Amino acid sequence: MDINEFITRFNKIKKLGFIKSLRKGPTGVGKTLETYLGIKENNINLPDLEGAELKAHRYNSDNMITLFTFNRGAWIMDPLEAVKRYGTKDINGRLGLYFTMSFTQNSAGLYLYLENDAVSVRHIDGNVLVRWKFSDLQEQFNNKIPALVLVYARSEFRGDDEYFEFYKALLLKGTTKDILKESIKNGVILIDLRLHDKGTMARNHGTGFRVHEKDLPLIFSMSEVIA
DNA sequence: GGTACCTGGAA
DNA sequence: ATTCCAGGTAC
């Protein structure tokens, strides 16, 4: 599906008004939009549209947008061991590493460390948990996000069921080479650890490379409302 | 059965 | 801003 086809289909979805979420939980908005567009769910690290990646976002949500995830070959420490050593307990007692990392250490003693060609997550005890080469990150970004179509949805609950009204789509494009390294250095692209103890293994949702909506213009030079 | 991606959140 | 979190599939 190219951008023009997307616009055609999206305008029809807009006219539907509020539609019931096809999945409970945070991911319902993306699942519902994709299904109505006729896009099959997948886990391929390529854009959903021809030449652009699709993102759905609830209106008034201040959460970061995940540009891509990347873990392949990056973990130096065994992830489950890292969770057990440095994780924090959630409300049910489950250990997890759910941190948006920064260059100053967090409450668990973990911090980002910058090298010439890589960025890593380290602990103050000296251990390196995970390390990504900028060249790998840049490649993943280029493959996944040649451009971005950001779709906004109003959300409301009717009893336990969430409904979405998709009402606007924004096209962002015009990113630049080496954007990954610069953006990680200056904190525009944030590294989000998202894994927990699943008993015999670590359940890893994938380290997210994420950006606040307000910072998107720092990554993409052009934006236009397309629907 | 574990890994690595996908899709996204809350207080 | 920080601490913390969600439901999915291919292989």
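Keep in mind it's a predicted model, so treat the numbers as computed, not measured. Chain A is the first sequence line, chain B the second, and so forth, proteins listed ahead of strands; every chain is numbered from 1.
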Rounded distance in Å - [atom1] ([X]) to [atom2] ([N]):
{"X": "A/H196", "N": "B/dG2", "atom1": "NE2", "atom2": "P", "result": "13 Å"}
{"X": "A/Q105", "N": "C/dT3", "atom1": "CD", "atom2": "C1'", "result": "15 Å"}
{"X": "A/Y111", "N": "C/dT2", "atom1": "OH", "atom2": "P", "result": "17 Å"}
{"X": "A/M101", "N": "C/dA1", "atom1": "CE", "atom2": "C1'", "result": "14 Å"}
{"X": "A/K24", "N": "C/dG8", "atom1": "NZ", "atom2": "P", "result": "11 Å"}
{"X": "A/I91", "N": "C/dA6", "atom1": "CD1", "atom2": "P", "result": "10 Å"}
{"X": "A/L195", "N": "C/dT3", "atom1": "CG", "atom2": "C1'", "result": "15 Å"}
{"X": "A/M201", "N": "B/dA4", "atom1": "CE", "atom2": "C1'", "result": "10 Å"}

Which pairs of donor and acceptor atoms, one on a side chain in residues 64-71 of chain A, lie under 3.5 Å apart (sequence neighbours left out)?
| residue | atom | partner | partner atom | Å |
| --- | --- | --- | --- | --- |
| A/T66 | OG1 | A/R210 | NE | 2.9 |
| A/N71 | OD1 | A/W75 | NE1 | 2.8 |
| A/N71 | OD1 | A/T207 | OG1 | 2.9 |

Can you list everything that forms a salt bridge (Lys or Arg N to Asp or Glu O under 4.0 Å) with A/R72? Sequence neighbours excluded, please.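 Once residues adjacent in sequence are excluded, A/R72 has no partner under the salt bridge (Lys or Arg N to Asp or Glu O under 4.0 Å) criterion.
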Can you list the residues that meet the salt bridge (Lys or Arg N to Asp or Glu O under 4.0 Å) rule with A/E50, with sequence neighbours excluded?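 Testing A/E50 for salt bridge (Lys or Arg N to Asp or Glu O under 4.0 Å), a comparison that skips the adjacent residues, returns none.
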Looking at A/E156 and A/R154, is any side-chain nitrogen of the basic one under 4.0 Å from a carboxylate oxygen of the acidic one?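 Salt bridge between A/R154 and A/E156, a charged N being under 4.0 Å from a carboxylate O: no.
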For A/L97 and for A/S102, locate the closest nucleotide of DNA chain C by heavy-atom distance; then report the residue assigned to the nucleotide nearer the 5' terminus.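 Closer to the 5' end of DNA chain C: A/S102.
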With nearest nucleotide decided by heavy atoms, which residue, A/K89 or A/H212, maps closer to the 5′ end of DNA chain C?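 It is A/H212 whose nearest nucleotide is closer to the 5' end.
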How would you summarise protein contacts on nucleotides 5-11 of chain B per nucleotide, using B for base, S for sugar-phosphate only and - for none, with heavy-atom distances below 4.0 Å? BBBBBB-
Mind jotting down which residue pairs meet the salt bridge (Lys or Arg N to Asp or Glu O under 4.0 Å) criterion with at least one end in residues 91-114 of chain A? Sequence neighbours excluded, please.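 Counting only pairs at least two positions apart or across chains, the salt bridge (Lys or Arg N to Asp or Glu O under 4.0 Å) contacts touching residues 91-114 of chain A are A/D90-A/R94.
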Sugar-phosphate only, base, or nothing, as touched by A/T88 at under 4.0 Å among non-hydrogen atoms: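 The answer is sugar-phosphate, as A/T88 gets under 4.0 Å only of primed atoms, P, OP1 or OP2.
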Only counting residues at least two apart or in another chain, list the ones meeting side-chain hydrogen bond (donor to acceptor under 3.5 Å, both in side chains) with A/E139.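 None.
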Under a 3.5 Å cutoff, is there a donor and acceptor pairing between the side chains of A/Q138 and A/N142?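 Side chains of A/Q138 and A/N142: pair found under 3.5 Å.
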